[in-house]
Amino acid sequence: MARAHPKNSSFAELFDVYYDNIYAYAFRRIGERMAAEDVTACTFEDALRGMRRLRRDNPPDLPLLYRIASRRVIDYYRKAKRQRNLLVQVEPTVSNSERLEQTERELQVRGALARLSPHDQELILLAFFEQLDAREIAAVLRVAVGTVYVRLHRALRRLQAILEREE
Amino acid sequence: MTISMEWTLSEIEATLKSVREHERIPSPERKSAVKAIVIPDSQIWIDALLTDLGWIGLAYSTRGIRYLVLPRESRDRVMQSLRQVFPDALDAPVPTEISELLREYAKGMSRNLDLSVDWGSMRPFQMAVLDVIRQIPAGETRTYGWVAHAIGRPGAARAVGRALHTNPVPLVLPCHRVVASDGSLGGYGGGLPLKRKLLELEGALLV
């Protein structure tokens with residue numbers, strides 16, 4: 001997925017372009033509106049401080065913002081001593097009968113996701129919910145692109161194992 | 001209800017995608033409020049740093065460097081000039097990438113200051129002039145007439161001189177590389193000895 005990176009843009013433009021992405025990410029991981037806004041604000045403040053790499057060719061990009069946001073979410077859970085339960089708070093919107101079976105399967109997948117390790121959860125979140133490509137995920141997690149494919153495959157296998165145990 | 005279906009990886013992937021489609025992320029209502037917190041309008045930060053040339057003052061925004069005070073002998077004097085121009089600015093340490101580059105430059109270790117500039121305070125003519133002089137390579141000089149030509153206003157050498165003289169971001173926008181056509185140094189806001197020294201550092205003049 002090619003993503004237009006607003007090169008040479010000001011930080012304000014960067015904020016306008018990426019705010020929704022980072023907010024959605026924070027909300028998925030926390031499930032609470034105010035806290036998600038807070039994490040988002042902190043993420044951009046950190047990025048701004050970091051961007052004192054004012055050199056032209058180094059504006060913060062989306063993977064870097066996800067990386068900062070990920071650390072901010074961890075801080076949030078640490079401070080609040082809350083249990084991590086990624087994704088599970090996000091409500092399904094549909095309940096009409098034709099979709100009942102599909103909804104059932106979605107519920108099962110979400111339940112199984114919550115039982116994965118935080119690392120696996122984050123990987124699946126970045127790939128399927130934030131819809132980053134492997135190169136971008138590699139930049140968020142600071143690992144090689146090949147490692148992303150391997151880990152993502154393993155995470156999906158573990159998800160599969162959980163789902164099949166539940167059948 | 002028991003749905004006994006196998007979970008293949010592709011089914012799991014498809015279901016993950018439909019979970020995403022059916023999730024509900026509340027819209028970020030306070031985007032503009034958060035933006036105002038994170039990026040106060042035209043917030044300027046100021047700081048001074050010690051280099052081999054003396055204390056250099058910097059005023060910068062999220063867009064880049066807005067104003068640079070040429071080397072002086074004391075930090076207080078530099079900060080005083082900065083506060084005169086930017087009474088509402090906050091004190092904040094210069095990002096290390098910038099301070100390192102400036103220090104290297106002052107030592108003669110780095111000939112180019114490739115830093116972004118906040119053009120916010122400039123008029124279009126001055127912006128055009130200062131943008132053009134960025135193309136003069138370190139170690140070389142050009143005349144006022146050359147600059148006037150380069151911006152497409154061949155008769156405007158005097159106006160070019162004024163635009164250079166009021167350059168808010170000297171060093172980074174290298175107005176010291178513009179000299180008089182008779183071979184003399186011309187003028188410099190920071191004084192001719194400094195102009196000479198800068199050109200020597202960059203290798204445009206023999207020491």
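Everything numeric here is computed off the predicted structure, so don't read it as measured data.
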Indicate yes or no: at least one non-hydrogen side-chain atom of A:L113 is less than 4.5 angstrom from one of B:V19.
-> no
Do you know the tightest heavy-atom contact between B:W7 and A:Q108?
-> CZ2-OE1, 3.9 Å
Could you state the interatomic distance from CZ (A:R105) to CG (B:L16), rounded to the nearest 0.5 Å?
-> 11.5 Å
Which atoms form the tightest heavy-atom contact between A:L156 and B:L9, and what is the distance?
-> O-CD2, 3.7 Å
Could you grab the distance from atom OG1 of B:T15 to atom CD of A:E104, nearest 0.5 Å is fine?
-> 11.5 Å
Are more than 12 heavy atoms from other residues, nucleotides or ligands located less than 6.0 Å from atom CZ of A:R154?
-> no
B:Y67, OH: over 12 other non-hydrogen atoms inside 6.0 angstrom = no
For B:R75, look at atom CZ and say whether over 12 heavy atoms of other residues, nucleotides or ligands are found less than 6.0 Å away.
-> yes
Please report the shortest heavy-atom distance between B:P26 and A:Y23, naming the atom on each side.
-> O-CE2, 3.0 Å
Tell me, side chain or backbone of A:D38 under 4.5 Å from chain B's heavy atoms, or both, or neither?
-> neither
Greater than 12 external heavy atoms within 6.0 Å of B:R196's CZ = no
Ring pair (Phe, Tyr, Trp, His ring centres under 6.0 Å) filter on A:F44, not counting sequence neighbours, yields A:F15
Going by heavy atoms in the side chains, are A:T103 and B:H22 under 4.5 Å from each other?
-> no
Nearest heavy-atom approach of A:F128 to B:R20 is O-CD, 3.2 Å
Which residues share a salt bridge (Lys or Arg N to Asp or Glu O under 4.0 Å) with A:R72, sequence neighbours left out | A:D46
Side-chain contact test, heavy atoms from C-beta onward, threshold under 4.5 Å: evaluate it for B:E21 versus A:E106 and give yes or no.
-> no
